[in-house]
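Report on the structure given below.
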Amino acid sequence: MIQWLVYSRQGCALCEEMLEELAQVLPPPVAATVVVQDVDADPELERKYGQRVPVLLVDGEFLCCYRLDRERMKIYLEGDSG
């Protein structure tokens with residue numbers, strides 16, 4: 001199964017928006033496995049991403065930031081059996 005990871009931070013409206021969109025786009029069993037990691041909880045992640053959140057990684061590879069890129073997601077969704 002594909003691993004979906006969102007780097008986020010508390011109080012981030014764009015982060016909440018991306019998570020809501022992911023919940024709508026991904027099949028429910030897959031959406032339930034999305035990992036959300038707070039960049040402020042890890043100094044290295046905070047330094048690396050700063051204000052550049054949300055960031056979506058798929059299987060450890062950068063997919064998009066700020067806004068959900070549904071076109072790029074199609075590649076992963078077509079290959080994921082859920």
| Which pair of non-hydrogen atoms, one from Met18 and one from Cys64, has the smallest distance, and what is that distance? |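 Closest heavy-atom pair between Met18 and Cys64: CE-SG, 4.0 Å.
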| message | Looking at every non-hydrogen atom in both residues, tell me the closest pair between Leu63 and Met73 and how far apart they are. | response | CD2-CG, 3.6 Å
Do [X] and [Y] land in one hydrophobic cluster if side-chain heavy atoms of ILVMFWY residues count as linked below 4.5 Å?
X     : Y     : answer
Met1  : Val35 : no
Leu14 : Val55 : no
Val6  : Val25 : yes
Ile75 : Val58 : yes
Val36 : Tyr76 : yes

| task | Any chance you could lay out the side-chain contact (heavy atoms from CB on, under 4.5 Å) test for Leu77 and Leu26, step after step, and finish with the verdict? | result | CA-CA 8 Å; Leu77 292 172; Leu26 295 174; 3.3 Å; yes
Do [X] and [Y] touch side chain to side chain, with heavy atoms closer than 4.5 Å?
X     : Y     : value
Val39 : Arg52 : no
Val30 : Ile2  : no
Val53 : Ser8  : no

| query | Below 4.0 angstrom, N of the basic side chain to O of the carboxylate: do Arg67 and Glu21 qualify? | reply |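 The answer is no: the pair does not qualify as a salt bridge.
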| task | For the pair Arg9 (side chain) and Gly50 (backbone), establish whether a donor and an acceptor sit closer than 3.5 Å, ignoring hydrogens and angles. | result |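 Flag set: sc Arg9 to bb Gly50 pair under 3.5 Å.
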Look up atom [atom1] in [X] and atom [atom2] in [Y], then write down how far apart they are to the nearest 0.5 Å.
X     : Y     : atom1 : atom2 : answer
Leu5  : Glu61 : CG    : CD    : 13.0 Å
Asp59 : Trp4  : CG    : CH2   : 8.5 Å
Glu17 : Tyr66 : CD    : OH    : 14.0 Å

| Could you go step by step and tell me if Leu22 and Leu56 meet the side-chain contact (heavy atoms from CB on, under 4.5 Å) rule? | CA-CA 10 Å; Leu22 277 172; Leu56 175 60; 4.1 Å; yes
| request: Could you give me the CA-CA distance, side-chain angles and deciding distance for Gln10 and Asp40, then say whether side-chain contact (heavy atoms from CB on, under 4.5 Å) is met? | output: CA-CA 8 Å; Gln10 290 185 9; Asp40 294 328; 6.0 Å; no
